[in-house]
**Q** 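Here it is, the structure, as structure tokens.
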Amino acid sequence: MTAISARAGGVTSALVGSPQRWLLASALLGGSARVAAGVLWLAEGILKYRAGFGSADILLVAQGTAGNSRVPFYFRPLGALMQGAPALFGIAIPALEVTLGVLLVLGLGRTLTTLVALGSVATLMLYWSSDQLIAQYPILVLLSALVLALPRSGWIGVAGWSSWRKRRSERFER
């Protein structure tokens, strides 16, 4: 056995033998991806608020999708709805982005984090369907996919903090 294979075997056995390390690594990587996606969503939503995003922007997107061959058939009803209620969508879209950002940054447990990450991916697919693509969107999809793939992504955050405090107080009460 060479020194390299002995070291590799030691690392492999140490990692395989300790599921706690994998869970911690999953929580750290997933939590980092979650927070990064949250910050990007917050930046996107705040940018829209600061730029005065509203009805005119929604109408521009909706009208741009009407004759666009790159827009899939399933977006047409939503495009028509956007043209019918541009003021509502002008308020709802930045609010949705800020809400996604806040919830992702906070990390409110496994179930809610999974739902928010799915909402993030769904929102991005909606944007892509309307032929709207900026540099952050592929990065946001990748980060959201990491959050979905790593089961402990919501563990480090508000949910993890409150769980840790609860266990700590129970330990001291004994």
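Values reported hereafter were calculated over all heavy atoms of this structure, with side chains retained and with hydrogens, waters and symmetry mates removed. Worth saying up front: this structure is predicted, and the values here are computed from it rather than measured. For the single chain, residues carry numbers from 1 onward in sequence order.
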**Q** Using the ring-ring contact (aromatic ring centres under 6.0 Å, His included) rule, collect all pairs that involve residues 95-153, keeping only residues at least two apart or in two chains.
**A**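 As it turns out, the ring-ring contact (aromatic ring centres under 6.0 Å, His included) pairs with a partner in residues 95-153, which skip direct neighbours, are Tyr127-Tyr137.
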**Q** Could you tell me the separation between the CD atom of Gln132 and the CG atom of Leu126, rounded to the nearest 0.5 Å?
**A**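 Rounded to the nearest 0.5 Å, the CD-CG separation comes to 10.0 Å.
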**Q** Quick check: is Val141 connected to Ile134 through a chain of hydrophobic side chains (ILVMFWY, heavy atoms under 4.5 Å apart)?
**A** yes
**Q** Going by side chain to side chain contact (heavy atoms under 4.5 Å, CB included), name the residues that satisfy it together with Val71, two or more places apart in sequence or in a different chain.
**A** Thr65, Asn68, Phe75, Arg76, Asp131
**Q** Can you tell me how far CG of Leu103 sits from CG of Leu42, rounded to the nearest 0.5 angstrom?
**A** 9.5 Å
**Q** Under a single-linkage definition using a 4.5 Å side-chain heavy-atom cutoff for Ile, Leu, Val, Met, Phe, Trp and Tyr, are Ile93 and Leu60 assigned to the same hydrophobic cluster?
**A**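 In one cluster with Ile93: Leu60, no.
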**Q** For residues Val116 and Ser120, determine if any side-chain heavy atom of one lies less than 4.5 Å from a side-chain heavy atom of the other.
**A** no
**Q** Which heavy atom of Gly79 sits nearest to which heavy atom of Ala62, and what is that distance?
**A** O-CB, 3.7 Å
**Q** Mind listing the closest non-hydrogen atom pair of Ala87 and Ser55 along with its distance?
**A** CA-OG, 3.2 Å
**Q** side-chain hydrogen bond (donor to acceptor under 3.5 Å, both in side chains) between Glu44 and Gln136: does it pass, once the steps are laid out?
**A** CA-CA 9 Å; Glu44 189 70 21; Gln136 294 97 284; 3.2 Å; yes
**Q** Is the backbone N or O of Trp22 less than 3.5 Å from a side-chain atom of Ser26, with the two atoms forming a donor-acceptor pair by type?
**A**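 Absent.
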**Q** Given the rule that I, L, V, M, F, W and Y join up when any side-chain heavy atoms are under 4.5 Å apart, are Val39 and Leu142 in one cluster?
**A** no
**Q** Could you grab the distance from atom CZ of Arg34 to atom OG1 of Thr114, nearest 0.5 Å is fine?
**A**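 Between atom CZ of Arg34 and atom OG1 of Thr114 there are 11.0 Å.
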**Q** Taking all heavy atoms of Leu104 and all of Gly38, pick out the closest pair and write down the distance.
**A** CB-CA, 3.6 Å
**Q** Looking at every heavy atom in both Pro86 and Leu59, which two are closest together, and how far apart are they?
**A**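 Closest approach of Pro86 to Leu59: CB-CG, 3.8 Å.
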**Q** Hey, quick one: are Leu118 and Val105 part of the same hydrophobic cluster, counting side-chain heavy atoms closer than 4.5 Å, chains of contacts allowed?
**A**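 Result: yes, single cluster for both.
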**Q** Kindly give the heavy-atom pair with the smallest separation between Gly54 and Asp57, and that separation in Å.
**A** N-OD2, 2.9 Å
**Q** Start with the C-alpha distance between Phe89 and Val61, add both sets of side-chain angles, then the distance that settles side chain to side chain contact (heavy atoms under 4.5 Å, CB included), and finish with yes or no.
**A** CA-CA 11 Å; Phe89 281 91; Val61 170; over 6 Å; no
**Q** To the closest 0.5 Å, what do you measure between CG (Leu148) and CG (Leu143)?
**A** 11.0 Å
**Q** Just how far is it from atom CZ of Arg21 to atom CG of Leu28, taken to the nearest 0.5 Å?
**A**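 It comes to 13.5 Å.
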**Q** Just so I know, are the side chains of Leu140 and Trp41 near enough to count as touching, which here means a heavy-atom distance under 4.5 Å?
**A**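 Yes, close enough: below the 4.5 Å cut-off.
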**Q** Would you check if Ile58 and Gln83 make a side-chain contact, meaning some heavy-atom pair closer than 4.5 Å?
**A**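 Of all side-chain heavy-atom pairs linking Gln83 with Ile58, none is under 4.5 Å.
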**Q** Which is it for Val98 and Tyr49 under the side chain to side chain contact (heavy atoms under 4.5 Å, CB included) test, yes or no, and what are the steps along the way?
**A** CA-CA 10 Å; Val98 168; Tyr49 280 126; 3.7 Å; yes
**Q** Of all residues at least two apart in sequence or in a different chain, which pass the side chain to side chain contact (heavy atoms under 4.5 Å, CB included) check with Leu115?
**A**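 Result, side chain to side chain contact (heavy atoms under 4.5 Å, CB included) vs Leu115: Thr111.
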**Q** Should Val35 and Leu29 be counted in the same cluster of Ile, Leu, Val, Met, Phe, Trp and Tyr side chains packed under 4.5 Å apart?
**A**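 No: no chain of side-chain contacts under 4.5 Å links Val35 to Leu29.
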**Q** Looking only at heavy atoms, which two atoms of Ser153 and Leu146 are closest? And how far apart?
**A** OG-O, 3.9 Å
